[in-house]
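Structure, as C-alpha cells:
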Amino acid sequence: MAEQATQDRQSTAQPPPLPAKYTRTGRKTRVGEVISERMNKTIVVRTITRVPHPKFGKIVKQIRRFYAHDEENKAKTGDTVRIMETRPLSKLKRWRLVEVLQK
C-alpha cells in the first residue's frame, strides 16, 4: 500500500521549470526611424502611430520618441529599426535595439 502511494507521487511529479526566457510575458516592440545617434550607445527612435481621434474619429498621427540602448552603435540616423521594451537602463532609456530593418 505504501509502495503504491510512493509510485503515485513519483508519477505525478512536475517537470523542472523552464528558463525565464521561455516563461516571461511578451515584451512590447516598436518599429521606428532613428532621428539621433549622437550619444554613445544610445539612439533616439521616432515612432508614428495612426489612431482615430477619440471624439471626432478622424485618423491622426501620434508621434513618440523613445531612447533605446544600442550596444554596438550599429544604427545611424535615418535607419528603420525595431526596439524592444526592457528594464530601466538610465533616466530615460527603457528600450533596447533588436535589429536594424533598413539602412
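Heads up: numbering here begins at 1 and tracks the sequence.
F66 and V31 fall into different hydrophobic clusters, where Ile, Leu, Val, Met, Phe, Trp and Tyr residues are linked whenever their side-chain heavy atoms come under 4.5 Å apart, directly or through other members. Placement of I35 and Y67 within a single hydrophobic cluster is found when ILVMFWY residues are connected by side-chain heavy-atom separations under 4.5 Å, directly or transitively. A continuous path of ILVMFWY side-chain contacts below 4.5 Å connects V34 to I83, so both sit in one hydrophobic cluster.
Here the closest non-hydrogen pair linking S36 and T77 is CA-OG1, 4.3 Å. The minimum heavy-atom distance between W95 and K28, with the atom names listed, is CZ3-O, 3.5 Å. In terms of heavy atoms, H53 sits closest to V60 at N-CG2, 4.4 Å. What you find for G57 and P52 is that their closest heavy atoms are O-CB, 3.9 Å. Across all non-hydrogen atoms, the minimal contact from T47 to G32 is CG2-CA, 4.1 Å.
Residues N73 and E37 fail the side-chain proximity criterion, which asks for heavy atoms closer than 4.5 Å. Taking the side chain as every heavy atom from C-beta outward, R30 and V45 never approach each other to under 4.5 Å.
Note that the CG atom of L101 and the NZ atom of K103 stand 11.0 Å from one another [nearest 0.5 Å]. Rounding to the nearest 0.5 Å places CG of L89 at 9.0 Å from CZ of R96.
Without hydrogens or angle criteria, D79 side chain to V100 main chain gives no donor-acceptor distance under 3.5 Å.
By the 6.0 Å contact criterion, NZ on K58 is open, its count of non-hydrogen atoms from other residues, nucleotides or ligands being 12 or less.
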Legend entry - Stepwise side chain to side chain contact (heavy atoms under 4.5 Å, CB included) check, T86 with H69: CA-CA 10 Å; T86 187; H69 185 67; over 6 Å; no
